[in-house]
Amino acid sequence: MKQPHPEYQRFASFRPAFFPLAGFIVGIMIWFIDAFIDVYLLDEEQSLIENILTPDESTEFWMRSLVLIVFVLMGIFSRHVLLKQIELDSLLMDYQIHLESMIRERTESLQNKTRELELLASTDSLTGLLNRRKFSETLNLEIKRFIRYKKAFSLINIDIDHFKKVNDTYGHDIGDKVITAFADILKQNIRDSDSAARWGGEEFLILIIETRAEEAIEITEKLLALIRETQIEPVGNTTASIGVTSVRQGDTEESILIRSDQALYKAKDNGRNRIEVL
């Protein structure tokens, strides 16, 4: 027989002799009760011991013996039924535990898959930064926060200088390496509360929350210095043109993006490798 589940182990641990012995004891008790009824309630002339040993015709010895045998057999049968019930309950409990475990594993797997899909749907595959769609959602949320709570924010637009020349000289694989290196600089040097995205090609956007232009310029100067110092083999040092703007009353996603773009092109027109603010 299968080992019972620990919850039922105490019921299965009774010795096999317990159940027929219990039936025998019950049978003996009935035997004594029958003798007691004959002597004390039905006014038999025999003593209790005499009635037990030599019952009268109404309760013959074989009848009492039959009752005794029946209860012993009932004890044996009860043990068999109880053990079968324990086995069944144990199997059901094991099945329930297994089912719950399967459901838990499937749920965790689905949650992991959902997170992976959400990540794929919201990030750029090359850099791991936010993609255009996710960054657009984030930017619109910050605009709403600004309208409701007057929480200012700044937008930084970064473009790698002379990136076409890098691709033409070294090939697209090296170009991807340069883009990835830029993305790593951004990820490692912005706050967890800020958001960076690859907006397209060699262009990046950074949304810095609760920050006005003056503070954003300080952050941008540090980023530009890091970009200038970073060696990317075989290209060497690279530079970037950066446009900075802060949210204004009445801004929409389109208006603030246009202004950051204008600041970026001003930096390009003024010689690249610099920051301009609008």
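Under a 3.5 Å cut-off, the side chain of Thr245 and the backbone N or O of Leu278 do form a donor-acceptor pair. Panel note: side chain Ser101, backbone Ile97; no donor-acceptor pair is recorded below 3.5 Å. The closest donor-acceptor contact from the side chain of Ser109 to the backbone of Glu105 lies at 3.5 Å or more, if one exists at all.
Rounding to the nearest 0.5 Å places CD1 of Ile242 at 9.0 Å from CG of Leu264. To the nearest 0.5 Å, atoms CG (Leu226) and CG (Leu186) are separated by 10.0 Å. Distance check, rounded to the nearest 0.5 Å: OG1 of Thr123 to CZ of Arg133 gives 10.0 Å. Taken from CD1 in Ile190 to CG in Leu223, the straight-line distance is 8.5 Å, to the nearest 0.5 Å. Going from atom NZ of Lys150 over to atom CZ of Arg148 covers 12.5 Å, rounded to the nearest 0.5 Å. With rounding to the nearest 0.5 angstrom, the CD1 atom of Ile185 is 9.5 Å from the CD1 atom of Ile158.
Residue pairs meeting the salt bridge (Lys or Arg N to Asp or Glu O under 4.0 Å) criterion with at least one member in residues 181-206, sequence neighbours excluded, are Asp124-Arg198, Asp184-Lys187, Arg191-Asp194. Residue pairs meeting the side chain to side chain donor-acceptor pair (under 3.5 Å) criterion with at least one partner in residues 215-238, sequence neighbours excluded, are Arg228-Asn273, Gln231-Asn237.
Across all non-hydrogen atoms, the minimal contact from Thr138 to Ser195 is CG2-OG, 3.6 Å. Among all heavy-atom pairs drawn from Ile227 and Phe182, the shortest one is CG2-CZ, 3.3 Å. The shortest heavy-atom contact between Leu129 and Ala196 is CB-O, 3.7 Å.
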query = Can you list the steps and then say if Glu137 with Arg132 is a salt bridge (Lys or Arg N to Asp or Glu O under 4.0 Å)?
reply = CA-CA 9 Å; Glu137 288 178 8; Arg132 288 179 71 103; over 6 Å; no
task = Give the intermediate values and the outcome of side-chain contact (heavy atoms from CB on, under 4.5 Å) for residues Glu254 and Arg259.
result = CA-CA 9 Å; Glu254 183 180 10; Arg259 200 162 58 250; over 6 Å; no
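Between Asp251 and Arg248, the closest side-chain pair of non-hydrogen atoms falls below 4.5 Å. Within the 4.5 Å cutoff, the side chain of Glu253 has heavy atoms near those of the Ser136 side chain.
The hydrophobic cluster containing Phe204 does not contain Ile258, counting ILVMFWY residues as joined when their side-chain heavy atoms lie under 4.5 angstrom apart, directly or transitively. No chain of hydrophobic side-chain contacts below 4.5 Å, direct or via other Ile, Leu, Val, Met, Phe, Trp or Tyr residues, connects Leu141 to Ile206.
A donor-acceptor contact closer than 3.5 angstrom links the side chains of Ser246 and Ser154.
More than 12 non-hydrogen atoms from other residues, nucleotides or ligands lie less than 6.0 angstrom from CZ of Phe163.
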Under 3.5 Å, side-chain donor or acceptor atoms of residues 166-173 against the rest of the protein: list the pairs with distances, not counting sequence neighbours.
unit_1: Asp168; atom_1: OD2; unit_2: Lys164; atom_2: NZ; d: 2.9
unit_1: Thr169; atom_1: OG1; unit_2: Lys165; atom_2: O; d: 2.7

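Considering only residues two or more places apart in sequence or on other chains, Asn270 meets the side chain to side chain donor-acceptor pair (under 3.5 Å) condition with Glu276. Taking Lys268 as the reference, Asp159 meet the side chain to side chain donor-acceptor pair (under 3.5 Å) condition, with sequence neighbours excluded.
Annotation for Leu130: hydrophobic cluster partners, listed by chain and number, are Phe135, Leu139, Ile143, Phe146, Ile147, Phe153, Leu155, Trp199, Leu205, Leu207, Ile209, Val247, Ile256, Leu257 (ILVMFWY side-chain heavy atoms under 4.5 Å, direct or chained).
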